[in-house]
Amino acid sequence: MLPAAARLRRSADFRVVLRRGSRAGKRRLVVHALTTDPPVATPAVARAGFVVSKAVGNSVVRHRVTRRLRHLVSARLGTLPEGSTLVVRALPPAASASSAELGADLDAALRRLGLGPSGGPSRDGAPRQPRQQGAGPEHGSAV
């Protein structure tokens, strides 16, 4: 569970992140991120909020998706820059996704936003793998 200081609660906070932040979409979710220098009066912890609409499913399904996302984000919250704010919006395919699939989409979106572990993300957010010429039967002859 997320600590109280790490939760977004007010709709105004969500609105600011959605309007001013960067966005990275994947198949099952969209991550909005806003990284700013926090004011001195507020704690400099990373915060997160979740949006799971009725399009995802009934209340049981929505709460299951929210719990999975909350668990995944809480594990990654310590790696985010201080003062950053995330809003994770679940898309309808998240209802049938496993936690591993949601985690993979979350990691890819965070890498695309420059908040995940570095390793030179590719255009689609996946880490680049070196190509090996002729490394298997599917490659055929080199032309």
Treating Ile, Leu, Val, Met, Phe, Trp and Tyr as nodes and any side-chain heavy-atom pair under 4.5 angstrom as an edge, say whether [X] and [Y] lie in one connected cluster.
X: L113; Y: V73; answer: yes
X: V31; Y: L77; answer: yes
X: V88; Y: V52; answer: yes
X: F50; Y: V61; answer: yes
X: L115; Y: L102; answer: yes

Using modelled atom types only, decide if a donor and an acceptor are shared between the side chain of D105 and the backbone of K26 within a distance under 3.5 Å.
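Not a single qualifying donor-acceptor pair exists.
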Using modelled atom types only, decide if a donor and an acceptor are shared between the side chain of R27 and the backbone of P93 within a distance under 3.5 Å.
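No, because the side chain of R27 does not come within donor-acceptor range (under 3.5 Å) of the backbone of P93.
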Mind listing the closest non-hydrogen atom pair of [X] and [Y] along with its distance?
X: A6; Y: A46; answer: CB-O, 3.6 Å
X: L69; Y: A90; answer: CD1-CB, 4.1 Å
X: A95; Y: V65; answer: CA-CG2, 3.9 Å
X: A109; Y: A24; answer: O-CB, 3.6 Å
X: A33; Y: L86; answer: CB-CD2, 3.6 Å

Interatomic distance, [X] atom [atom1] to [Y] atom [atom2] [nearest 0.5 angstrom]:
X: R7; Y: L2; atom1: CZ; atom2: CG; value: 6.5 Å
X: S99; Y: L106; atom1: OG; atom2: CG; value: 11.5 Å
X: T85; Y: L80; atom1: OG1; atom2: CG; value: 9.5 Å
X: R47; Y: L34; atom1: CZ; atom2: CG; value: 10.0 Å
X: R23; Y: R112; atom1: CZ; atom2: CZ; value: 10.5 Å

According to the salt bridge (Lys or Arg N to Asp or Glu O under 4.0 Å) rule, which pairs have a member within residues 60-78, sequence neighbours left out?
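Passing the test, one end in residues 60-78: R76-D107.
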My understanding is that only one of V17, V30, D13 makes a side chain to side chain contact (heavy atoms under 4.5 Å, CB included) with V87; could you say which?
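So, applying the side chain to side chain contact (heavy atoms under 4.5 Å, CB included) to V87 and each of V17, V30, D13, only V17 qualifies.
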